[in-house]
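Order of the sequence lines sets the chain letters (A, B, ...), proteins ahead of strands, with each chain counted from 1. Computation of the quantities below employed the complete heavy-atom set of this structure, encompassing side-chain atoms and omitting hydrogens, waters and symmetry-equivalent molecules. In this text the structure is predicted, and so the values were computed from the model without any measurement.
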Protein chains: 2
Amino acid sequence: MPRLAGQIDVAKNEAILNAAVEVLTSRGLQASMHEIARRAGVSKQTIYNHYGSKAELVRAIATRRVGELTAPLDAPEATGHAEAALTAYARGLLMAYHRPGGMGLLRLAVMSACEQPDIAQVVYEAGALANRARLAEFIRREVAAGRLDECDPEQAAECFAGMVSGQRQLGALLGRPSADTEAGIDARAREVAARFIRAYAPR
Amino acid sequence: MPRLAGQIDVAKNEAILNAAVEVLTSRGLQASMHEIARRAGVSKQTIYNHYGSKAELVRAIATRRVGELTAPLDAPEATGHAEAALTAYARGLLMAYHRPGGMGLLRLAVMSACEQPDIAQVVYEAGALANRARLAEFIRREVAAGRLDECDPEQAAECFAGMVSGQRQLGALLGRPSADTEAGIDARAREVAARFIRAYAPR
DNA sequence: AATGCGATGGACTGATCAGTCCATTTTTCA
DNA sequence: TGAAAAATGGACTGATCAGTCCATCGCATT
């Protein structure tokens, strides 16, 4: 009788996904299923019971992480304190680049982009685009209240995110260890937010 | 007698590198040497006569492209016309993201980052860092001339490059087709340069 | 104790691919 | 024109790996 997945051990499932993240982000996409199984303390067959193929496993990792990423997007905003809010946003972004392995999923998505473009698409839309949309919404409110210059909020949001990231995102994707300190991150977050406010101050 | 590389057909060498770029950037890092040879109209052995291994071939591609990218950095600057110069710079960057395949090498570098960190390093340093340094030098001169606000030129350069790129670089790496038009690129380049000038205008 | 379900691990298949070898052909140049 | 250098292509090796199969095991529930 063929073995079809019925109800399945949740803890083992977590172990599989975590091991897959570790192995894939450190060894790259060509890491073997055998090693993932070993790291998870599970047999290879068990992985195939949960996920039909390596591609589906990668997809599962990506969608789980995307879920984690979008959850905190709904935190209440500090409307009216634009500079403080933008500073906090910048700090969060910089910390993500700073944390080793923080860009692991993103690198994985880039590596999958050739063969599984849908994964790259999901990661981009749920990560970068969703974040930008949230930022744009904030900027739109500030503009409407007259506290920021008339502008395209989407474009302004993209500018701000870009100012914050600079080359750090690319550096992280290319495996550069972060050269930042926590104090440096704080300083840069404040500086960038202030510059943005100057660039977009009402005339 | 062992076949060691002596003086070798230059045209064929170009064909090999070009074919390797095409195949590797479209199929990904796991593309076979056989296919590269076929695309180049060359035998696999010939590739191995030119480059000892696949890794060295990838390295050769990367360093060649890096050379192409850094060469035009030495063009004479439009000192004193900051906004125009920055607009031109922004346009060049945006066009690179816009051109399909323009980010192929970068994606290749990201994919190599796990197994051949030196390639990623070379691409980052010769590409992103060199570009930023050139931009920073320009900003430094403008600051010294009192046409821009006192600031850390390196950080300002990174901000500007980030503002220009926004999410486009990531989008390109993730295989998103460019949504820009030439007119849109022009408008964005002007807008971004103007915002930057406002952010960094002397107080 | 019996039953059933999922986990196990090891063996196995089939495929792909880097890199080598070599007998032969083409190009280059003296 | 003749010989050396380089290119060719096809066969071959060795390794890796995705995915399958299966006999067995452990642990529930009844």
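- A salt bridge is absent between A:Asp180 and A:Arg188: the closest approach of a Lys/Arg side-chain nitrogen to an acidic carboxylate oxygen does not fall below 4.0 angstrom.
- In this structure, A:Ile47 places its CD1 atom 12 Å from C1' of C:dA7, rounding to the nearest Å.
- Not one side-chain nitrogen or oxygen of B:Thr46 sits closer than 4.0 Å to the OP1 or OP2 atom of D:dA7.
- Residue B:Ile61 forms a side chain to side chain contact (heavy atoms under 4.5 Å, CB included) with just one option from B:Asn18, B:Val66, B:Ile119, B:Leu17, and that option is B:Leu17.
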Per-nt protein contacts along nucleotides 13-20 of chain C (heavy atom under 4.0 Å; B base, S backbone sugar-phosphate only, - none) come out as ----SBBB
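- Residue A:His50 places at least one side-chain N or O under 4.0 Å from the OP1 or OP2 atom of C:dA7.
- More than 12 heavy atoms of other residues, nucleotides or ligands sit less than 6.0 Å from atom CD of B:Gln30.
- Rounded to whole Å, atom C1' of C:dT8 lies 9 Å from atom NZ of A:Lys12.
- Atom CZ in B:Arg38 sits about 16 Å away from atom C1' in D:dT8, given to the nearest Å.
- A side-chain donor-acceptor contact under 3.5 Å links A:Tyr97 and A:Ser165.
- Atom CG in A:Asn49 sits roughly 12 Å away from atom P in D:dC21 (whole-Å rounding).
- Crowding of B:Glu182 atom CD: a count of heavy atoms from other residues, nucleotides or ligands under 6.0 Å not exceeding 12.
- Qualifying salt bridge (Lys or Arg N to Asp or Glu O under 4.0 Å) partners for A:Arg195, counting only residues two or more places apart in sequence or in other chains: A:Glu191, B:Asp149.
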